[in-house]
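For reference, the structure discussed in these notes is given below.
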Protein chains: 2
Amino acid sequence: MLAYYDAMADVFKALADPTRRLILDELAERNEQTLFEICGRLTTRHSLSLTRQAISQHLEILEEAGLVRTRREGRYKFHSIDTTPLEPIMSRWLRRTTTKEKGVSE
Amino acid sequence: MLAYYDAMADVFKALADPTRRLILDELAERNEQTLFEICGRLTTRHSLSLTRQAISQHLEILEEAGLVRTRREGRYKFHSIDTTPLEPIMSRWLRRTTTKEKGVSE
DNA sequence: TTGACATGCAAGTAAATGCTTGCCTATTAT
DNA sequence: ATAATAGGCAAGCATTTACTTGCATGTCAA
C-alpha cells in the first residue's frame, strides 16, 4: 500500500510506545544498564509491572532503531542510549518556505 | 498497566504512522491545504491510494497532537503544519549526565 | 560438574490501529 | 429549490502490536 520509503520509520515506531520512552528516560539518566537493572528500575521507580521478556522485546526494538547501543561482557549485556537518530526529526519539518507565512491566518 | 503520564504521547503516536509523516511533509512544503488538495497531492506525487476518509482520520489525529492547525472558511477547511510540539522531543533525552561518558565503552 | 544467574527464542492471545464502506450535514452555484 | 461540492460520523474488518507463558542457551561460581 505504501509506495515510498521512509528512512526514519524504525525510529518513529520505536518512540511510539510509552514504555520504550520510559526506558530511554532511564538510560538517559544512567547508561550501561543490564536488562535486569532496567526491569528493576522500571518496577520500583515507575510502578511498571512487566515481565523480563516484555522489556527485552522493547530493548530489541530500540536497538534496531539505533536508539540503544549494547555491549556484551560475559553473561551481562549493557545497554546505553544513543540520541543521534533523533537529530533528523527536527530538521525534517522545519519550514522550507518563508518564515513569514508561519501564522495560519494572514 | 501504565501508571505514569506522558505529555508527549499524542505527538509520538501521531508521528508513528508513515502516511501521517507524509502529510506533514506536504504541509511543510505548502500550508493552507484543504482535505481534497492533500488527498490529490498524496495520490499524484506519492502514489498513495487512500480514501478521503482515511486521510481525514489522519488529519484528525495530527490536529489532536497539535501538529496541524486548521482554519474554517465556508465549506473549506485549511490545514497547516505546526512544529512547536516537536521541540520538546529533542531536549527530553539530551544527556543529563556529563557529555564525556557518551561513548559506550571507555 | 552441578546449580544459579542473565539472556534468548517462539508460539499464543487480547487489544489497538489503519482502512474501507455507507450514510449524513453544511455550504455554494445554477 | 436543486444539485454539486467539501467535509463529518460511525460501524465493520484485517493487520499489527504489546504482552505473556514456556522452554532453551550460555556464563559463572561452588
Side-chain angles (χ1 to χ4, degrees), chain A residues 1-4 6 9-24 26-27 32-43 46-65 67-80 104, chain B residues 1-4 6 9-24 26-27 31-43 46-65 67-80:
Chain A
M1 197 61 68
L2 288 181
Y4 55 91
D6 189 336
D10 287 345
V11 180
F12 285 114
K13 273 205 169 184
L15 293 175
D17 185 86
T19 303
R20 286 195 287 270
R21 293 196 296 275
L22 254 191
I23 293 175
L24 289 182
E26 265 309 312
L27 293 178
E32 297 280 301
Q33 294 191 64
T34 68
L35 172 59
F36 272 71
E37 283 177 302
I38 296 171
C39 287
R41 290 175 71 125
L42 288 182
T43 304
H46 300 281
S47 316
L48 191 64
S49 58
L50 290 181
T51 61
R52 175 183 57 84
Q53 284 84 348
I55 308 296
S56 175
Q57 286 162 13
H58 283 309
L59 284 170
E60 196 180 339
I61 293 173
L62 287 169
E63 193 174 356
E64 281 175 358
L67 290 165
V68 161
R69 297 191 155 276
T70 61
R71 177 174 64 89
R72 190 102 214 195
E73 193 173 316
R75 59 177 160 174
Y76 299 105
K77 189 177 180 185
F78 298 103
H79 304 262
S80 296
V104 168
Chain B
M1 195 60 71
L2 289 181
Y4 56 90
D6 190 336
D10 288 344
V11 179
F12 285 114
K13 272 204 170 184
L15 292 174
D17 185 84
T19 303
R20 287 196 286 270
R21 294 196 295 272
L22 254 191
I23 293 176
L24 290 181
E26 266 309 314
L27 293 178
N31 269 330
E32 297 282 299
Q33 293 193 64
T34 68
L35 172 58
F36 273 72
E37 283 177 302
I38 296 171
C39 285
R41 290 173 72 125
L42 288 182
T43 305
H46 300 280
S47 316
L48 191 64
S49 57
L50 291 181
T51 61
R52 174 183 58 83
Q53 286 84 347
I55 308 295
S56 175
Q57 287 164 13
H58 282 309
L59 284 170
E60 197 181 336
I61 292 173
L62 286 168
E63 195 174 353
E64 281 175 356
L67 289 165
V68 162
R69 297 192 155 275
T70 61
R71 175 174 65 89
R72 191 101 211 197
E73 191 174 318
R75 58 175 161 177
Y76 299 104
K77 188 178 180 183
F78 299 103
H79 301 78
S80 295

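Quick note on labels: first sequence line is chain A, next is B, and so on, each numbered from 1.
To the nearest angstrom, P of D/dA6 lies 10 Å from CG of B/Leu35. One can place CD1 of A/Ile38 at 14 Å from P of C/dA6, the figure rounded to the nearest angstrom. One can place CG of A/Leu15 at 16 Å from C1' of D/dT17, the figure rounded to the nearest angstrom. In this structure, CG of A/Leu59 is placed 13 Å from P of D/dA18, rounded to the nearest angstrom. If you take CD of B/Glu60 and P of D/dA6, they are 20 Å apart, rounded to a whole angstrom. Atom C1' of nucleotide D/dT17 and atom CG of A/Asp10 are separated by 15 Å, given to the nearest angstrom. Residue B/Ile55 contributes atom CD1, which lies 13 Å from atom P of D/dG8 at whole-angstrom precision. What separates CZ of A/Phe78 from C1' of D/dT27 is a distance of 13 Å, to the nearest Å.
Every residue two or more places apart in sequence or in another chain that forms a salt bridge (Lys or Arg N to Asp or Glu O under 4.0 Å) with B/Arg21 is listed here: A/Asp6. Among residues two or more places apart in sequence or in another chain, the side chain to side chain contact (heavy atoms under 4.5 Å, CB included) test is passed with B/Ala16 by A/Ala16. In terms of the salt bridge (Lys or Arg N to Asp or Glu O under 4.0 Å) criterion, B/Lys13 has no residue partners (sequence neighbours excluded). Under the rule for a side chain to side chain contact (heavy atoms under 4.5 Å, CB included), the partners of B/Glu64 that lie at least two apart in sequence or sit in another chain are B/Glu60. Not counting sequence neighbours, B/Gln57 has no partner by the side-chain hydrogen bond (donor to acceptor under 3.5 Å, both in side chains) test. Listed by chain and residue number, A/Leu35 satisfy the side chain to side chain contact (heavy atoms under 4.5 Å, CB included) test with A/Ser56 (two or more places apart in sequence, or in another chain). Remark: A/Glu37 pairs with A/Arg30, A/Gln33, A/Thr34 by the side chain to side chain contact (heavy atoms under 4.5 Å, CB included) rule, at least two apart or across chains.
Contact check, A/Ser56 against C/dT7: no side-chain N or O comes under 4.0 Å of OP1 or OP2. The side chain of B/Thr51 contributes no N or O atom lying less than 4.0 Å from OP1 or OP2 of C/dC19.
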- Contact letters for nucleotides 22-30 of chain C, in which S counts primed atoms plus P, OP1 and OP2 and B counts the base, heavy atoms under 4.0 Å: B----BS--
- Query: Once each nucleotide of nucleotides 11-18 of chain C is scored for protein heavy atoms under 4.0 Å, what B/S/- sequence comes out, 5' to 3'?
  - Reply: -----SSS
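Comparing B/Ala54 and A/Lys77 by the nucleotide of DNA chain C whose heavy atom lies nearest to each, the residue mapping closer to the 5' end is A/Lys77.
Looking only at distances, no side-chain donor or acceptor of B/Thr70 sits under 3.5 Å from a matching main-chain atom of B/His79. A/Thr43 contributes no side-chain N or O that, together with a main-chain N or O of A/Ser49, makes up a donor-acceptor pair within less than 3.5 Å.
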